[in-house]
Protein chains: 2
Amino acid sequence: MAQMFIGPTGSGEMPRWREAFPDARMLGPQQARAQVGEGDKVWVLSRLDGWRELVMTLSQRGAVSSVLSQSPTSGEALSALNAGARGYAHALSPPELLRQMDIVISHQGIWVWPELMTQVIGGAFRALGGAASLQSEVLEGLTERERAVALVVAEGLSNKEVARQLSITERTVKAHLGAIFRKLGIRDRMQLILKLSHQESEVP
Amino acid sequence: MAQMFIGPTGSGEMPRWREAFPDARMLGPQQARAQVGEGDKVWVLSRLDGWRELVMTLSQRGAVSSVLSQSPTSGEALSALNAGARGYAHALSPPELLRQMDIVISHQGIWVWPELMTQVIGGAFRALGGAASLQSEVLEGLTERERAVALVVAEGLSNKEVARQLSITERTVKAHLGAIFRKLGIRDRMQLILKLSHQESEVP
DNA sequence: CCGGGTCTTGTCCATCGGTACAATGTCAGC
DNA sequence: GCTGACATTGTACCGATGGACAAGACCCGG
């Protein structure tokens, strides 16, 4: 559960951050990969080369990471979140804000520099509007519930996850999937995805 | 700073939520528009007609709102966030989770049902030129052989079929796939397909 | 009231998919 | 010559997946 800061080796700055977490440790990228484990909270400076990849591995390892940038942009914010980061803010944010971030990300939340959040969400929304149109003819022959299952499965979720999301049993998900496969003449979820994203494909 | 729940008039359910916030008030949409003000924390049921518009006005008024859905989807999540909501979760989430959400959104954070978060962020990432920057280099980090496997797998073929097509063992296919998953930071072939198919479908 | 369609769940089982812990051979570069 | 990246394959394990067989609940039209 250690609090750690990761920056270019030898970077002794980060005064605001130090102020917010006096007891934290400062690490270089190498040490980070070696020492960070599940539950640790890491703060990565985006000035660091390969920060994205670092965040990705640390996140998969179960660490909770935030990215601090000297010049925040919505693109970098998204990149960070996509890499698994849970927070994104200006590197020189005031200590109170940093501590606030800490609270948020410690509770499964996401914290992003507010102005950026608007852009991020806005962009995503526009894009998904287009994505929503993809469904259509393929799903015509399916029932209400089957369509719902098909769409969620096509997002890449497992049966268990679909079950949770639709508040039904995994068994029921399988039942619907079976019907979907039969009706669409396909054999598994992979082909379902292909059928929904492109209309083409189909192999012997 | 009142905690309020807004659902269809006369909806007396929401046991889990009640449990989480015993002192909160339940309102109908009309009352909400009249009474909610700055700093109030409102929970809106997405089953409610016009929930999106409601969230939008309340948010602009300075209220902090979360949306609870009976059947959460990434699309609805984005829609909620875009309307100004700060939280999005299943309507029957356990009380501890709801209180956790409360903490997060009270600290300027965003809270979204974890499984959906990945999709939401993923969608957003693809939407804003992140697609161009990273997608093209998705396969860059892979070796010759890994790329070959990735492409065939993305066609929807099984490991056995890939093996036949590339004249290698199924075991070897698994080996390459393992490396691919690790390098791309994904967990299975479904996500690989999504990562690859979304790189060709972009908007003007 | 009855039959059909839909939604739901159950058990059982064969297979697939992903990973852990390996080994072998090749080939480029220091 | 040795090291490291790459390709290949093996055994083993276990969770995920899809199908088989079955059944109860609900609703709607005949």
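To find a chain, count down the sequence lines: A is the first, B the second, and so on, and within it residues start at 1.
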* Asked: Rounded to the nearest Å, what distance is computed from the CZ atom of residue A/Arg145 to the P atom of nucleotide D/dC27?
  -> 15 Å
* **Degree of bending in the helix from C/dC1-D/dG30 to C/dC30-D/dG1 once both end axes are built from five pairs, to 10°** => 30°
* Close side-chain approach of B/Val42 to B/Phe5, heavy-atom, < 4.5 Å -> no
* To do: Mind listing the residues from residues 163-177 of chain B sitting with a heavy atom below 4.0 Å of DNA chain C? Number order is fine.
  => B/Arg171, B/Lys174, B/Leu177
* To do: Enumerate the residue pairs fulfilling side chain to side chain donor-acceptor pair (under 3.5 Å) with a member in residues 141-151 of chain A, sequence neighbours excluded, ordered by first and then second residue.
  => A/Thr143-A/Glu146, A/Glu146-A/Lys183
* Asked: Could you state the CG-P distance from A/Asp188 to D/dT17, rounded to the nearest angstrom?
  -> 11 Å
* Asked: Under 4.0 Å: is that the gap between some side-chain N or O of A/Arg187 and OP1 or OP2 of D/dG18?
  -> no
* Structure fact -> Separation of D/dA16 atom P from B/Arg189 atom CZ, nearest Å, is 16 Å
* Starting at CG of A/Leu157 and ending at C1' of D/dT17, how long is that distance when rounded to a whole Å? -> 15 Å
* To do: Take atom CG of B/Asn159 and atom P of D/dG15, then tell me their distance rounded to the nearest Å.
  => 19 Å
* To do: Taking B/Arg86 for its side chain and B/Ile105 for its backbone only, find out whether a donor-acceptor pair lies under 3.5 Å.
  => yes
* What integer distance in Å separates B/Glu144:CD from D/dC6:C1'? -> 11 Å
* Which atom pair, heavy atoms only, marks the closest approach of B/Ala83 to B/Ser59? -> O-OG, 4.0 Å
* Carboxylate-amine/guanidinium proximity below 4.0 Å for A/Arg187 and B/Glu161 -> yes
Please tabulate, for side-chain N and O atoms in residues 164-175 of chain B, each donor-acceptor pair with protein atoms closer than 3.5 Å (sequence neighbours left out).
none

* Drop me the distance from A/Gln191's CD to A/Phe181's CZ, to the nearest 0.5 angstrom. => 9.0 Å
* Leading and trailing nucleotides of DNA chain C with any atom under 4.0 Å from heavy atoms of chain A -> C/dT6 to C/dT11
* Asked: Once you round it to whole Å, what is the distance between C1' of D/dA16 and CE of B/Met190?
  -> 12 Å
* **Straight-line distance of A/Ser65 OG to A/Lys41 NZ, nearest 0.5 Å** => 12.5 Å
* Structure fact -> When rounded to the nearest 0.5 Å, the distance separating OG of A/Ser46 from CG of A/Leu54 is 12.0 Å
* Qualifying salt bridge (charged side-chain N to carboxylate O under 4.0 Å, His left out) pairs with a residue from residues 69-80 of chain B, counting only residues at least two apart or across chains -> none
* To do: Return the 5'-most residue of the pair B/Glu146, A/Gly178 with respect to DNA chain D, ranking by each residue's nearest nucleotide.
  => B/Glu146
* Measure across B/Trp111 and B/Val104 and return the closest heavy-atom pair with its distance rounded to 0.1 Å. => CD1-CG2, 3.6 Å
